[in-house]
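Here the structure is laid out as structure tokens; the discussion comes afterwards.
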Amino acid sequence: MSLPSTALPPGPSEPVAIQTLRWLTRPIPFMEANRRRFGTRYTTRMLGQAPFVSLADPADVKELFAEPPDVLHPGEGGSVLKPVMGRYSVLVLDEDAHLEQRKLMLPAFHGEKMAALTGLLEEVAERAVAGWPRDEEIALHPHLQAVTLEVILRAVFGLDEGSRLDEMRTVFTEYLEVGTHPMVLMERDLGPGSPWRRFTRVRTRARGLLVTQIRERRTAGEDDRDDILQMLLAARHDDGTPMSDEEITDELMTLLVAGHETTASSLSFACNDLVRNPDVLARLREAVDAGEDEYLDATITEALRRRPVLSISQPRLVVKPIEIGGWRYEPGVALTAAIYLIHHDPEIYPEPYRFQPERWLGVRPGTFTWLPFGGGRRRCLGASFAQLEMRVVLQALLRQTTLSGPRTPERTARRHITVTPERGARVTLRARARERELAAA
Ligand code: HEM
């Protein structure tokens, strides 16, 4: 197909402000409405941003993920996160600089490293679940956020229990809260008392604590630890030099921001879908009791399909003209994989809105049809870590409690960078021992 170079796939003609508002407030209905009207390839326009083309055809996504690094710049597309993560963050870099950081970080997430972390994650999860309220309806999301933060502090930053862990928990909770404020992401300093000022204060403290942790570990030279910090300390650039304090700090910040909210929200949706599907819940409990992983893994795969907490991949900014699916895109346009839409395409997933782990029994997720972690050379570095964490938290929850909750689905709400269940995943937990007592009485 030969097209004028300025033509972009069709999309909504509403004013930019309206499109921005719809995207910010109700992203999923906005995406679905666009697919209904324009098909699997459409252009939207957001305030202050490049025209945005969403690709919801796996064939287009395959081409998108295969494009060379000097043609598409996802790092530039995600540059709003630079103040929060730092200039060396793997998420905000492109081309050689991106590859260099990614190569330094990859070994930390290899299978055997994840296996070595399992015991620690189980310990954190079992202890956290034991402390959650019983016999009253609660929003699970804040508790899941606390457990995913604890996992990062212990398994990524490598903190042992003690006063430093307690201090870091407080500081990083504040950092995460203020760091994703829209005024911070826009780098707007509105004077004393403003979110930006509060952010820069807490950032100095948070980074200072991390640098102390890094330096102490460098001096101690402990190499028998399994945490991610230890792997970063051991990593070497191609010229043999270690990563600097600033590089490690930036990457630890990146892992915190990329790995905390995403995993907590995914678990929240999984729990919300489980209480709404008692048959699945019962089968899952049996599998967990029997120590069988297949149904548990299928449940996690399905939860990540049905509720991808990042509904699009990181936007890739076009820096050299490219052609994808017969359309030519010029520099200045951003392209993204419409993860949510692909996961809800009835041609790919029959009855796509049903939560049905059975669809994954004996089936491997497709590289371009199951995309909760994006893909290509920018695929989520923490994908195995996140799935392991989901597994141990769900196991702890099912071993210790029975879950029940409202059957009505919670609407999807935007929360910082992810989407979450609007009411925080309402559930009632009952101790399983108590449940057995009641049944026997
Ligand atoms: C269920 C939880 C998670 C989900 C759904 C998720 C999803 C994603 C997605 C969609 C991307 C962008 C990929 C692309 O645009 O192609 C990404 C990137 C990334 N994620 Fe995750 N993530 C999760 C958990 C984690 C965890 C636990 C960590 C680390 C501990 C992590 C670290 C990263 C990093 C470092 C990147 C940037 C990779 C790069 O640009 O090279 N994520 N994640």
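First listed ligand is number 1; within each ligand, the first listed atom is number 1. All values derive from a computational prediction rather than experimental measurement.
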Carboxylate-amine/guanidinium contact [X] [Y], below 4.0 Å:
X	Y	answer
D250	R207	yes
R399	E126	yes
R36	E32	no
E292	R283	no
R218	D245	yes
E167	R164	no
R205	E174	no
R41	D57	no

Can you tell me which residue and heavy atom of the protein come closest to [atom], and the distance to 0.1 Å?
atom	answer
atom 23 (C) of ligand 1	T262 OG1, 3.5 Å
atom 37 (C) of ligand 1	L91 CG, 3.6 Å
atom 29 (C) of ligand 1	L255 CD2, 3.7 Å
atom 6 (C) of ligand 1	F373 CD2, 3.6 Å
atom 36 (C) of ligand 1	L381 N, 4.0 Å
atom 17 (C) of ligand 1	C380 CB, 3.5 Å

Show the atoms of ligand 1 that are less than 4.0 angstrom away from any heavy atom in [X].
X	result
R102	38 (C), 39 (C), 41 (O)
G259	25 (C), 26 (C), 27 (C), 28 (C)
L310	7 (C), 8 (C), 9 (C), 10 (C)
H98	39 (C), 40 (O), 41 (O)
V90	35 (C), 40 (O), 41 (O)
P372	5 (C), 7 (C), 10 (C)
G374	10 (C), 13 (C), 14 (C), 16 (O)
T263	2 (C), 24 (C), 27 (C)

Review point. Quick one: are L429 and T402 in side-chain contact, heavy atoms under 4.5 Å?
Key: no

Check your understanding: With distance as the sole test, does R217 use its side chain to make a donor-acceptor pair with the main-chain N or O of G158 at under 3.5 Å?
Key ->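 Here the side-chain-to-backbone pair exists.
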
Purely on distance, is any nitrogen or oxygen of [X] under 3.5 Å from one on ligand 1?
X	value
R316	yes
T254	no
G375	yes

Check your understanding: Looking only at non-hydrogen atoms, which of G376, A258, P74 approaches atom 33 (C) of ligand 1 most closely?
Key ->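 Checking each option, the heavy atom nearest atom 33 (C) of ligand 1 is found in A258.
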
Select one of side chain, backbone, both or neither to describe which atoms of [X] lie under 4.0 Å from any atom of ligand 1, heavy atoms only.
X	result
R378	both
S266	side chain
F385	side chain

Exercise for review: Can you establish whether the number of heavy atoms outside R411 located under 6.0 Å from its atom CZ is more than 12?
Suggested key: no

**Study point:** Within 6.0 Å of CD in E347, more than 12 heavy atoms from elsewhere
**Key:**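 Atom CD in E347 is not crowded, with 12 or fewer foreign heavy atoms closer than 6.0 Å.
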
Practice item. To the nearest 0.5 Å, tell me how far M46 CE sits from T20 OG1. Key: 5.5 Å

